[in-house]
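What you see is a predicted model, and the numbers here were worked out from it, not measured in a lab. The first residue of the sequence shown is numbered 1, and numbering continues consecutively from there.
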Amino acid sequence: MPKLLLLISANTTRQIKLRKPETTVGRATTNDIVIKHERVSRLHAVLILDGPFVTIKDLASSNGVYVNDVKVEETQHLVDGDSISIGGCRMRFLAGNQDYTSVEALRLLTIPGLPLELASQRVSPTWADALRGAAA
């Protein structure tokens, strides 16, 4: 199940599983993910689940939505490990089912490129065996 890792403070993270077809993000308490920060609009963005795909949509916010430091013009498909910034709040999108400890989540949020390194190390034993067999 896809999830967002949020950096709440210097050493505090929060993991949010994306279960609903649409998950709203903003400053208003009616949002699914509430971020109380002056640079976050009341209704800032929405995350849309469509089968295996997750898209983020900027809801005409004042300060924009950024994915991997690039401003989202309207919508953007998310890929495992994408870095998201909403009003200065940093998040990481993770497509897998793995849960993380608070220390692991903090590392994933603060070390650039770490999700890609971890993903390249996740090779199932059967896949690794098939690769060895093909090389022989």
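Here the side chains of I56 and T75 are not in contact, with every heavy-atom distance at 4.5 Å or above. A heavy-atom distance below 4.5 Å is found between the side chains of L18 and F93. Between I35 and M91, some side-chain heavy-atom pair lies under the 4.5 Å cut-off.
Judged purely by atom type and a 3.5 angstrom limit, N63 has no side-chain atom pairing as donor or acceptor with the backbone of G87. For D80 (side chain) and A95 (main-chain N/O), a donor-acceptor pair under 3.5 Å exists by modelled atom type.
Taking Y66 as the reference, K71, S85 meet the side chain to side chain contact (heavy atoms under 4.5 Å, CB included) condition, with sequence neighbours excluded. The side chain to side chain contact (heavy atoms under 4.5 Å, CB included) test applied to S61 returns S41, H44, D58, not counting sequence neighbours.
Counting only residues at least two apart or in different chains, salt bridge (Lys or Arg N to Asp or Glu O under 4.0 Å) contacts with residues 22-44 comprise K20-D32.
Hydrophobic clustering, with ILVMFWY side chains joined whenever heavy atoms are under 4.5 angstrom apart, keeps L59 apart from L47. Cluster membership check: V46 does not share its hydrophobic cluster with L49, using side-chain heavy-atom separations under 4.5 Å among Ile, Leu, Val, Met, Phe, Trp and Tyr. Cluster membership check: I16 does not share its hydrophobic cluster with L43, using side-chain heavy-atom separations under 4.5 Å among Ile, Leu, Val, Met, Phe, Trp and Tyr. Using a 4.5 Å cut-off between side-chain heavy atoms of Ile, Leu, Val, Met, Phe, Trp and Tyr, with links allowed through other members, I48 and L94 fall into different hydrophobic clusters.
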For L78 and V67, run side-chain contact (heavy atoms from CB on, under 4.5 Å): C-alpha distance rounded to whole Å, both residues' side-chain angles, the deciding distance at 0.1 Å, then the answer.
CA-CA 8 Å; L78 297 176; V67 175; 4.0 Å; yes
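Atom OG1 of T55 and atom CD of Q76 lie 8.5 Å apart (nearest 0.5 Å).
Applying side-chain contact (heavy atoms from CB on, under 4.5 Å) to I86 and the options L6, V65, I33, V72 leaves one that passes, V65.
Shown here is H37, whose NE2 atom has more than 12 heavy atoms of other residues, nucleotides or ligands within 6.0 Å.
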